[in-house]
Amino acid sequence: MGHDLEKVLIPEDELQAKIKELAGRIDADYAGKDVLLVGVLKGAVMVMADLARALHVPVQMDWMAVSSYGAGTKSSGVVRVLKDLDTDILNRHVLIVEDIIDSGLTLHWLLENLKSRNPASLEICAALRKPDAVKVPIEVKYVGFDIPSEFVIGYGLDYAERYRNLPFIGTLAPHVYK
Ligand SMILES: O=P(O)(O)OC[C@H]1O[C@H](OP(=O)(O)OP(=O)(O)O)[C@H](O)[C@@H]1O
Ligand code: HPA
Ligand SMILES: [Mg+2]
């Protein structure tokens with residue numbers, strides 16, 4: 001792995017501190033409410049696991065699996081639903097949990113899809129966002145870090161299904177994908 005990694009962009013301790021900070025804001029904003037966390041598989045598994053454990057408000061967790069990247073480093077823009085929610089979100093306070101907003105196409109699609117099911121509220125928590133890459137404007141209430149438009153790996157994020165288990169965010173050495 002060592003030579004596949006170009007550099008560490010966000011170290012583990014900074015990621016963990018940021019998730020705790022976001023959890024504090026979410027606890028305050030949702031005081032007295034039940035929250036349904038909707039994790040977007042597979043990238044969101046790490047954020048979901050850390051965020052859920054840092055929260056004090058009562059939560060339920062559900063998952064959707066959508067994919068728009070395949071094995072490459074560019075979004076195809078075509079969102080495929082691989083697994084839908086098990087939960088009926090009518091009148092629920094839904095918080096979508098994501099690892100990254102890159103082009104924004106995945107979340108743009110997901111927001112429209114979930115809105116049509118009439119939740120009581122619908123917000124987004126994303127660990128990372130690439131402001132220069134966003135193609136569709138999306139209102140994101142909770143963002144961990146704004147990062148440059150480089151392909152990143154770790155903390156749930158993959159390149160060809162690898163590196164999701166790295167506890168930090170790094171960039172991939174160009175020789176791996178060129
Ligand atoms: O803003 P976008 O350009 O749409 O990119 C963001 C999405 O792409 C990645 O998922 P991917 O489709 O690769 O599936 P995965 O979570 O299983 O890796 C990532 O986890 C986000 O869900
Ligand atoms: O930078 C990225 N890395 C891994 N997966 C991704 N999905 C969207 N953007 C990225
Ligand atoms: Mg991916």
Side-chain angles (χ1 to χ4, degrees), residues 1 3-12 14-15 18-19 22 36-52 61-86 89 94-116 122-178:
M1 168 65 216
H3 60 285
D4 290 353
L5 182 73
E6 186 176 57
K7 61 176 184 290
V8 175
L9 200 62
I10 307 170
E12 182 175 4
E14 284 180 33
L15 268 177
K18 183 63 79 176
I19 296 295
L22 292 176
L36 177 67
L37 301 176
V38 170
V40 186
L41 291 168
K42 300 170 213 167
V45 283
M46 304 298 178
V47 199
M48 181 73 142
D50 287 338
L51 182 71
M61 294 155 77
D62 200 351
W63 303 90
M64 262 184 99
V66 300
S67 195
S68 58
Y69 273 76
T73 58
K74 285 241 156 59
S75 171
S76 65
V78 179
V79 178
R80 286 188 305 142
V81 179
L82 308 177
K83 182 209 169 290
D84 204 347
L85 295 173
D86 298 331
I89 64 169
V94 175
L95 180 60
I96 301 174
V97 178
E98 258 289 32
D99 52 348
I100 193 165
I101 301 168
D102 194 317
S103 68
L105 294 170
T106 302
L107 269 176
H108 177 76
W109 182 91
L110 199 59
L111 277 174
E112 292 309 308
N113 184 286
L114 296 186
K115 250 186 234 162
S116 71
L122 183 60
E123 299 291 350
I124 297 164
C125 176
L128 307 173
R129 176 174 59 188
K130 295 184 189 173
D132 300 335
V134 172
K135 288 188 186 149
V136 274
I138 292 169
E139 261 193 54
V140 190
K141 195 155 184 190
Y142 310 98
V143 185
F145 299 89
D146 278 324
I147 60 167
S149 296
E150 290 174 88
F151 195 80
V152 289
I153 50 169
Y155 201 58
L157 290 149
D158 72 303
Y159 171 66
E161 295 300 329
R162 297 179 66 194
Y163 316 113
R164 292 192 199 271
N165 59 319
L166 299 177
F168 53 82
I169 300 289
T171 56
L172 202 55
H175 75 82
V176 180
Y177 56 90
K178 277 189 179 148

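All ligand and atom numbering here is 1-based and tracks the order in the structure. Since we're looking at a predicted model, the values are computed, not measured.
At a heavy-atom cutoff of 4.0 Å, ligand 1 is contacted by the side chain of R164 but not by its backbone. The backbone and the side chain of V152 each have at least one atom closer than 4.0 Å to an atom of ligand 2 (non-hydrogen atoms only). Heavy atoms of L41 found under 4.0 angstrom from ligand 1 belong exclusively to the backbone. Residue D99 touches ligand 1 through its side chain alone, judged by heavy-atom distances below 4.0 Å.
Using a 4.0 Å cut-off to heavy atoms of L105, the atoms of ligand 1 that qualify are 1 (O), 4 (O). Under a 4.0 Å criterion applied to the non-hydrogen atoms of I100, ligand 1 contributes the atoms 6 (C), 19 (C), 21 (C). Residue G104 has at least one heavy-atom neighbour below 4.0 Å for each of these atoms of ligand 1: 1 (O), 2 (P), 3 (O). The ligand atoms of ligand 1 that sit less than 4.0 angstrom from a heavy atom of S103 are 1 (O), 2 (P), 3 (O), 4 (O). Of all atoms in ligand 2, numbered sequentially from 1 with element shown, those under 4.0 Å from a heavy atom of D158 are 4 (C), 5 (N). Heavy-atom proximity to G43, at under 4.0 Å, picks out these atoms of ligand 1: 15 (P), 16 (O), 20 (O).
Not a single heavy atom of I153 sits closer than 4.0 Å to an atom of ligand 2.
Although no hydrogens or angles enter the test, the distance criterion places no donor-acceptor pair under 3.5 Å between the side chain of K7 and the main chain of G170.
In this structure, K42 and E161 have side chains that are in contact, with non-hydrogen atoms separated by less than 4.5 Å. The shortest side-chain heavy-atom distance between L110 and V79 does not fall under the 4.5 Å cut-off.
Residues N165 and Y155 bring no donor and acceptor atom of their side chains to less than 3.5 Å of each other.
We find that R129 and E98 are not joined by a salt bridge, their nearest charged nitrogen and carboxylate oxygen being 4.0 Å or further apart.
The NZ atom of K115 lies 7.0 Å from the CG atom of L122; values are rounded to the nearest 0.5 Å.
Remark: E112 CD is packed, more than 12 non-hydrogen atoms of other residues, nucleotides or ligands lying under 6.0 Å away.
For the side-chain contact (heavy atoms from CB on, under 4.5 Å) test with I100, the passing option among I169, V40, T106, V152 is V152; the others fail.
Note: an N/O pair closer than 3.5 Å links E98 and ligand 1 by distance alone.
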